[in-house]
2 protein chains.
Amino acid sequence: MNRSPDLNRRRTIRDVATAAGVSISTASNALNDTGRINAETRERVRRIAKEIGFRPNAAARSLLGGRSHTVGIITNDTYGRLVLPMTAGVSEVLLEAGVSVFLCPTNNDPRLAHLHLEALLDKQVDGLIFTATRLDLEPPPALADLPIPIVHAFSEGPPERVSFVPDDAQGAELAVRHLLACGHRRIVHVTGEENYVVAHRRAQAYRALVSPEARVMFGEWTEEWGREAVEILFAGDGEKPGALFCGSDEIARGVIDALRDRRIRVPDDVAVIGFDNWEVVARQTRPPLSSIDMELKTIGRRAGEAVLALCRGETVPPGINRIACRLVPRDSCGRADHD
Amino acid sequence: MNRSPDLNRRRTIRDVATAAGVSISTASNALNDTGRINAETRERVRRIAKEIGFRPNAAARSLLGGRSHTVGIITNDTYGRLVLPMTAGVSEVLLEAGVSVFLCPTNNDPRLAHLHLEALLDKQVDGLIFTATRLDLEPPPALADLPIPIVHAFSEGPPERVSFVPDDAQGAELAVRHLLACGHRRIVHVTGEENYVVAHRRAQAYRALVSPEARVMFGEWTEEWGREAVEILFAGDGEKPGALFCGSDEIARGVIDALRDRRIRVPDDVAVIGFDNWEVVARQTRPPLSSIDMELKTIGRRAGEAVLALCRGETVPPGINRIACRLVPRDSCGRADHD
DNA sequence: ACGCTATGATAAAAGGTTTTAGCTCGCAAG
DNA sequence: CTTGCGAGCTAAAACCTTTTATCATAGCGT
C-alpha cells in the first residue's frame with residue numbers, strides 16, 4: 001500500500017536538482033552549459049543527471065523556446081522508392097541537430113494531405129519538406145503562406161522558395177557522354193510521357209549533345225513501352241540505332257528484354273543505359289544495366305540542411321537547386337575508351 | 001514604428017478568451033466540451049476561435065497531459081517498399097486520433113538506430129512501432145524495457161509484446177490452392193534463403209498441402225536464382241514441373257524470364273505464382289504475374305490501432321497476430337476451374 | 001574599514017493549456 | 001427569511017524547463 005509513488009515517473013530537472021543539492025536553475029545551467037557555474041558543480045550535476053536517467057522534457061522545452069525541433073515531410077509517394085532514400089538523407093542531417101521527422105504519406109489524396117498539414121501545424125513543426133513524385137500531380141495544398149519555412153525536395157516549388165531536384169539535364173549528358181565514350185553512335189532516346197517536365201529536360205540535353213534532330217521517342221514509363229519501342233526501332237530494315245538512352249530503368253529493362261528476344265546482343269550490338277539506378281531492376285537485367293543515379297539521399301540531405309537553416313532564422317538563397325546525378329556503369333554499355 | 005506588435009504571433013487561447021469576453025477556463029471548456037457551460041457561450045467561443053484561427057499549442061497540451069500524441073516508427077528498410085505502405089496504414093489510423101508519426105530509417109546501422117531511439121524518447125513519443133525487413137538482422141536495440149508501449153510490425157517481437165506479421169502459411173496455401181484450382185500438378189517451390197524463418201514457414205505450408213516430400217529449392221531472393229532454378233529443373237530429361245510457386249516476385253520474374261528463354265509457355269506449359277505482389281514487378285512480367293499480397297497497409301493499420309490502444313492504457317492481448325494474405329490473380333496461372 | 005568587482009548560486013517569471021476547486025447569482029424548498 | 005442547490009463562470013495551480021534579475025560571498029585595492 002505504502003509503496004513509494006512515482007517510482008517510474010519520468011525524472012525531471014527538479015529530481016536532478018534535489019539529488020545534487022542545488023537549485024533548479026543551477027541544474028539547468030549545469031546541463032546546458034549556460035550562465036556562470038563552478039566546474040565541479042557542473043560535473044556533479046551532470047553525473048547525477050546521467051545516473052538517474054534524466055531526459056529533458058521536449059514539450060516544456062518547446063513550449064518555452066517556441067520551437068518544437070520537428071519537421072514534417074509531406075509526400076504522395078506510394079511505394080516509397082523515392083521518398084524513403086530522401087527521408088533517410090533528411091533525418092540523417094536533422095538527427096544531429098536533435099530534430100525528428102514526421103512522415104506524412106498523402107497517398108495522392110488532397111483531403112488526406114490537408115488533414116496531415118493541419119496535424120503538423122498543430123504539432124507546431126518548425127519546418128516542412130514537400131515532396132511529390134510527379135510534378136504534375138497534387139498542387140501544394142493550401143500551402144501558400146504558412147508561418148513556417150517550406151522546402152521542396154524532388155519537386156520544384158515556387159521561385160521564392162528553396163527547392164532541390166535532380167539535375168536532369170546533367171544526368172542526361174552523363175548518360176549520352178558515357179555512351180559516346182564507349183564508342184557508341186546513332187543514339188536514340190526512349191523516354192516516358194511527353195507531358196512530364198523531366199522528360200523534356202532530359203530530351204533537350206540529349207539533343208543538345210547529339211544533334212538537334214536526334215530521335216526522341218516519348219511513351220509511358222513502363223517496361224511495356226520499352227519493349228514496344230524496340231519493336232518499332234528494329235522492325236523495318238532501315239538503319240538501326242547503336243545505343244539506347246532510356247528515360248527510366250523500367251523502360252530500359254523492357255528494352256533489354258526485347259533486344260534479347262530479338263537475339264540482339266547488349267552491349268555488343270546495341271548499348272543501353274537507364275535512368276534512376278533503381279537497384280532491384282538495374283542489377284537484375286541481363287546484362288546488368290548501367291544507369292544514372294539521382295542521388296536521392298543527397299537531395300534529402302540538402303533539403304534537410306536547408307530547412308534546418310531556415311528554422312534557425314538563417315537565410316537560404318531561394319530558387320531551384322539542381323543536384324548532380326551520378327553515372328553508375330555496369331555492363332550494358334561496354335567499356336569506356338577513356339576515363 | 002508603432003506598428004501593432006505580435007500581429008502574426010500565434011493565437012493563444014488567451015486571445016480567444018479575450019475576444020469572446022470570457023475567462024481562459026471558459027474558453028478551454030467551450031472548445032473541449034468539458035465542464036458546465038452555456039450552449040450559447042460555447043458556440044460563441046468556438047466561432048471566435050475559428051475566426052481568429054486559433055490552434056491549441058501541442059507543446060503545452062502534452063506538457064500537461066503527459067502525452068505527446070506522437071509515435072515513432074523505427075525501420076531498417078532502405079528502399080521503402082515495405083515500410084512505406086505500412087507507414088501509410090499506420091498514419092491513416094493515427095491521423096484520426098490526432099497522433100503523428102516519426103519515421104526513423106536506421107539504414108541497418110545499430111548506432112543510428114540507437115540515436116534515433118534516444119531522440120524519440122527525448123521527444124516523449126507515446127509509443128513505438130518497430131519494423132524490420134529481415135528478421136535475422138538488427139536485434140532490437142536496447143529496446144528491452146522502455147517506459148512506453150512497443151508494437152512490432154512485419155517482425156516478430158518477444159511473446160509478451162504485440163506483433164503483426166503476414167500469415168505466411170496461409171499465403172502459401174493460397175498460392176498452392178490457386179495453382180491446384182487452375183488444374184496444375186507437379187508443383188515445385190522455389191524460394192529464398194533457408195535461414196529465413198518465413199521461407200521455412202511457407203515451405204512447410206506448401207508441403208502440408210502437396211506432399212511431405214514435395215520439392216523445395218532454397219536459394220537467394222533474386223531473379224538470378226529464379227533463372228538458375230529453371231535451368232536446374234528443366235535441363236535434364238526427367239519429369240518436368242507443371243507449376244512453380246515462387247518465394248518472391250523477384251524470383252518469379254527470374255523464373256518467367258528463364259522459361260521464356262527456353263520457349264516454355266506460361267501458363268500453358270508451366271504456371272508460375274509469386275509472393276509479395278510487388279506491382280512494378282508483377283505487372284510487367286510476360287505474362288503478368290499472379291501473386292500473393294501481404295496486405296502491408298493492413299498490417300500497418302492494425303499496428304497503429306494496437307499502439308493507439310496501448311497508449312490509452314487499454315490492454316491488447318500480446319502475441320503474434322498473423323494477418324491474412326490475399327491472392328492477386330493475373331495471367332501466369334491460367335484460369336481457375338472453380339471459385 | 002569601505003566600496004567595488006567577480007563568482008557562484010538562486011528565486012521567480014514565462015510559456016499555453018487543462019483541470020480543480022471555488023465563487024456568484026438566481027431560484028426553489030423549507 | 002433562511003437554506004440549499006445547481007447553473008454558469010472563473011481564479012489559480014499544475015505541467016517542466018529556460019532565462020532574467022537578484023542576492024550573497026569572497027577577494028581586492030585604496
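From a predicted model like this one, the values you see are computed outputs, not experimental measurements. Just the heavy atoms: all of them, side chains too, but no hydrogens, waters or symmetry mates, feed the values below. All chains are named by letter (A, B, ...) in the order of the sequence lines, taking the proteins before the strands, and each is independently numbered beginning at 1.
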Axis deviation across the helix from C/dA1-D/dT30 to C/dG30-D/dC1, five-pair ends, to the nearest 10°: 70°
Gap between atoms CD1 and C1', on A/Ile37 and C/dT10 respectively (whole Å): 11 Å
salt_bridge(A/Glu295, A/Arg301) N-O dist < 4.0 Å: no
DNA chain D: 5'-proximal contact among A/Leu31 and B/Ala27 (nearest heavy atom): B/Ala27
For atom CG of B/Asp122 and atom C1' of D/dC16, their distance in whole Å: 14 Å
Atom CZ of A/Arg47 with >12 non-hydrogen neighbours under 6.0 angstrom: yes
Any B/Ser23 side-chain N or O less than 4.0 Å from OP1/OP2 of D/dT10: yes
Integer-rounded Å distance: C/dT18 C1' and B/Asn57 CG: 13 Å
Rounded interatomic separation in angstrom, taking CZ from B/Arg67 and P from D/dA14: 23 Å
Atom-to-atom span, CG of B/Asn38 to P of D/dT10 - whole angstrom: 12 Å
Using distance only, find each side-chain donor-acceptor pair of residues 309-320 of chain A under 3.5 Å and give its atom names and separation, not counting sequence neighbours.
none

Touch class at under 4.0 angstrom, heavy-atom based, for B/Arg55 against every strand present: sugar-phosphate
Approximate separation, where rounding is to 0.5 Å, of B/Ile13 CD1 and B/Arg55 CZ: 14.5 Å
Backbone N/O of B/Phe102 and side chain of B/Lys123: donor-acceptor pair under 3.5 Å: no
Considering all heavy atoms, the nearest A/Met294-A/Ile299 contact: O-CD1, 3.7 Å
Atom pair distance, as rounded to whole Å: CG in B/Asp15 and P in C/dG15: 12 Å
Sugar-phosphate only, base, or nothing, as touched by A/Leu63 at under 4.0 Å among non-hydrogen atoms: base
Any A/Thr41 side-chain nitrogen or oxygen under 4.0 Å from OP1 or OP2 of C/dA9: yes
All salt bridge (Lys or Arg N to Asp or Glu O under 4.0 Å) counterparts of B/Arg61, not counting sequence neighbours: none
Gap between atoms CZ and C1', on B/Arg10 and C/dG15 respectively (whole Å): 13 Å
Test side-chain contact (heavy atoms from CB on, under 4.5 Å) applied to B/Asn38 - qualifying residues, sequence neighbours left out: B/Glu40, B/Thr41
Residues in side chain to side chain donor-acceptor pair (under 3.5 Å) contact with A/Ser62, at least two apart in sequence or another chain: none
What does the list of N/O pairs under 3.5 Å between the protein and nucleotides 19-23 of chain D look like, with a distance for each?
none

Spacing of A/Glu40 atom CD relative to C/dA9 atom C1', expressed in whole Å: 14 Å
Side-chain N or O of A/Arg14 closer than 4.0 Å to phosphate OP1/OP2 of D/dC16: no
